[in-house]
Amino acid sequence: MIKAVRGTRDLLPPETALWNFVESTVRDVFRAYNFHEIRTPIFENTELFARGVGEETDVVSKEMYTWQDQGRAESDKGQSLTLRPENTAGVVRAYIEHNLQARGLNKLFYIGPQFRRERPQKGRYRQFYQIGAEVIGPQSSGSELPARDAEIIELLATLLDRLGITGWQLQLNSIGCANDRAKYNEALRQALEPVKDKMCVDCQRRAVTNPLRVFDCKVPEDQPIIEKLPRISQFLDEPCRRHFAQVQDILKSVGVEFQINDRLVRGLDYYTRTAFEFTHGALGAQNAILGGGRYDGLSEALGGPPAPGIGFAIGEDRLVMSLGKTADDVLRKPDVYIAPLGPGMNKEAARVARELRRHDIVVELGDETFRLKKSLETASKLGAKYALIAGENEISTGVFALKNLATGEQVPVPRPDLAARIRS
RNA sequence: GUGGGAGUAGCUCAACUGGCAGAGCACCGGACUGUGGCUCCGACGGUUGCGGGUUCGAUUCCCGUCUCCCACCCCA
């Protein structure tokens, strides 16, 4: 048997109803904040991710699905392509390519699959789905201002509330601008130098390659050392400090609760200043339901104009897992099951079904060869509100037997009144 | 990529020390010819993840492999 490949999966009904619920709610919320959808290709030139996400990140260095194009045209042949491991780089590429700076501030969202070759685990798949948004534009459009950061974070709080997700936590930090980071990185290296030999092997490696990541360490013995390390907050320059303070002010004003976590560092190189993460307890080790932050230098890193931006990505798979709803809660069941009864009744029942469906009634249709008992059984199994019996009597008199499957009550209803009766 | 656990019917799970592969639920049919939910009866359902080995005999023991789960790692 051919099976879905490792780390991929089929989403089947009724579970897909949950995904549709999430996506339609998300679209409603984005509309209220005046975001518009962007769809970028599912694969891009490998170089985009190498430059955009960062050559040294785990995502780029060991998790990408990359191949040499076999195209027949000379221009296609041999170019290195990659299934997108995230969507921000693609959005910024599109921003540059289509000169979207001419539109001022762009507020974009996307929903779609992403690909990373990691070892699968609960909440971690090789094809997974992200819902994300980016606010990006020239500095004159206000793209750099703290109000944008606050708005996007407040949007997320609203979104989670609308989805009925409770018990989330918002972790907030500022990781400064490029200058701050450089100074801080240097200070960290110096602070780690004398103590790193006492730390775990992972930290010894991190101390050299990417000192910021030392803060991800979960080894208990290392914690006292980590506690004493300098914090990014001490290295923020005055503009970054003020920016972060204003973000916090607005969040407090709108009543979004957060925790400052000065150990929150993010794994993608392009992040600057505001960084945040929403976590949820129902997810086990993969407890980050969404993450995001500011990336003021990304456009330039990709050869574009200065274009400060901030964005986030939600793991849709994890969002669905922490939903606390079942498919049953959001599924629309049939309003009526039509049971044609006896030879020749299929064609009559089909006409009735067509009439009712025009009135936005969800109709399931049986068959004239089914016994009534079977039809009623099927109808209640499907969760239909009503069963409509379409036998010879009903067709000839124009008055149908409409049975409420919850109460068992059955009433005769004239054909013209059926839709209104069923919808009520 | 590293370490550990688990794979038996559509689903949830049994099967003693290696001895005929089972139950509940679901599904299908009947009791019941135009009236469901309850009840009763019956039928269907399996390469025990896959491949090899040991054995008279393997779901059980051994090796390999695949997949899922947990932790690490990383991230959403």
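In this text the structure is predicted, and so the values were computed from the model without any measurement. In what follows, chains carry the letters A, B, and so on, assigned in the order in which the sequence lines appear, proteins first and then strands, with residues in each chain numbered from 1.
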Nearest whole angstrom, please: distance from the [atom2] of [N] to the [atom1] of [X].
X: A:Arg124; N: B:C70; atom1: CZ; atom2: P; value: 10 Å
X: A:Gln204; N: B:C73; atom1: CD; atom2: P; value: 15 Å
X: A:Asp58; N: B:U2; atom1: CG; atom2: C1'; value: 14 Å
X: A:Tyr125; N: B:C68; atom1: OH; atom2: C1'; value: 10 Å
X: A:Lys3; N: B:G49; atom1: NZ; atom2: P; value: 11 Å
X: A:Glu118; N: B:C69; atom1: CD; atom2: P; value: 13 Å
X: A:Arg119; N: B:C68; atom1: CZ; atom2: C1'; value: 11 Å
X: A:Arg126; N: B:U67; atom1: CZ; atom2: P; value: 8 Å

Problem - Short side-chain N/O contact from A:Arg6 to OP1 or OP2 of B:C68, under 4.0 Å - result: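 It does, given that an N or O in the side chain of A:Arg6 lies less than 4.0 Å from OP1 or OP2 of B:C68.
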Handout entry: side-chain N/O A:Gln121 vs B:A71 OP1/OP2, d < 4.0 Å
Key =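 So the side chain of A:Gln121 is within the cut-off, an N or O lying under 4.0 Å from OP1 or OP2 of B:A71.
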Exercise for the section: Would you classify A:Gly383 as touching base, sugar-phosphate or nothing, given that sugar-phosphate means primed atoms plus P, OP1 and OP2, and contacts are heavy atoms under 4.0 Å? Expected result: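 It contacts nothing in the nucleic acid.
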Exercise for the section: Have a look at A:Ala379 and say if it touches a base, only the backbone sugar-phosphate, or nothing, with a 4.0 Å heavy-atom cut-off. Expected result: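 Nothing: the residue A:Ala379, judged by heavy atoms under 4.0 Å, touches no strand.
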Please determine, for [N], whether a Watson-Crick or G-U wobble partner exists with both distances under 3.5 Å, and give it or none.
N: B:C56; value: B:G19
N: B:A31; value: B:U39
N: B:C25; value: B:G10
N: B:C68; value: B:G5

Problem - Positive for side-chain hydrogen bond (donor to acceptor under 3.5 Å, both in side chains) with A:Gln171, one of A:Arg263, A:Gln259, A:Glu277 - result: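 Running side-chain hydrogen bond (donor to acceptor under 3.5 Å, both in side chains) over A:Arg263, A:Gln259, A:Glu277 with A:Gln171 returns exactly one hit, A:Gln259.
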Practice task
Scan side-chain atoms only and decide if A:Tyr65 and A:Glu63 contain a donor-acceptor pair under the 3.5 Å cut-off.
Solution key: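 No pair is found: no donor N or O on one side chain lies under 3.5 Å from an acceptor on the other.
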Practice task
Would you kindly say whether A:Thr326 and A:Asp328 are connected by a side-chain donor-acceptor distance under 3.5 Å?
Solution key: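 A:Thr326 vs A:Asp328: no donor-acceptor pair found between side chains.
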Problem - Sub-4.5 Å side-chain heavy-atom contact between A:Asp149 and A:Ile250 - result: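 SC-SC contact between A:Asp149 and A:Ile250 ruled out.
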Fill in the blank from the handout: Whether each nucleotide of nucleotides 26-37 of chain B has a protein heavy atom under 4.0 Å at its base (B), only at its sugar-phosphate (S) or at neither (-) is summarised, 5' to 3', as -SSSSSB-BBBB
Exercise for the section: Over all heavy atoms of both residues, which pair between A:Leu376 and A:Ala387 is shortest? Give the atoms and the distance, please. Expected result: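 Shortest heavy-atom contact: CD2-CB, 3.6 Å.
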Practice task
Give the minimum heavy-atom separation between A:Ser80 and A:Thr46, together with the two atoms involved.
Solution key: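 In this case the closest contact between A:Ser80 and A:Thr46 is OG-OG1, 2.7 Å.
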Handout entry: Earlier contact from the 5' end, RNA chain B, for A:Lys62 and A:Ala313
Key =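 Whichever sits nearer the 5' end wins; that is A:Lys62.
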Distance between [atom1] atoms of [N] and [M] (Å, rounded):
N: B:C68; M: B:A58; atom1: C1'; value: 24 Å
N: B:C72; M: B:U60; atom1: C1'; value: 32 Å
N: B:C40; M: B:G22; atom1: C1'; value: 22 Å
N: B:C38; M: B:A76; atom1: C1'; value: 48 Å
N: B:U47; M: B:G52; atom1: P; value: 16 Å
N: B:G5; M: B:C62; atom1: P; value: 12 Å
N: B:U59; M: B:U67; atom1: P; value: 24 Å
N: B:G1; M: B:G57; atom1: C1'; value: 41 Å

Exercise for the section: Kindly state whether the ring of A:Phe35 and the ring of A:Phe109 have centres lying under 6.0 angstrom apart. Expected result: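 No, the ring of A:Phe35 stays outside the 6.0 Å limit from the ring of A:Phe109, centre to centre.
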Practice task
Could you tell me whether A:Arg273 sits above the aromatic face of A:Phe244, with NZ or CZ closer than 6.0 angstrom to the six-membered ring centre and within 45 degrees of the axis?
Solution key: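 No.
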Problem - A:Arg148 with A:Glu151: basic N within carboxylate O range, under 4.0 Å - result: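 Looking at A:Arg148 and A:Glu151, the cut-off is met.
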Problem - Base B:C74 paired with A:Arg117 side chain (donor-acceptor, <3.5 Å) - result: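 Looking at the base of B:C74, it does not pair with any donor or acceptor on the side chain of A:Arg117 (distance under 3.5 Å).
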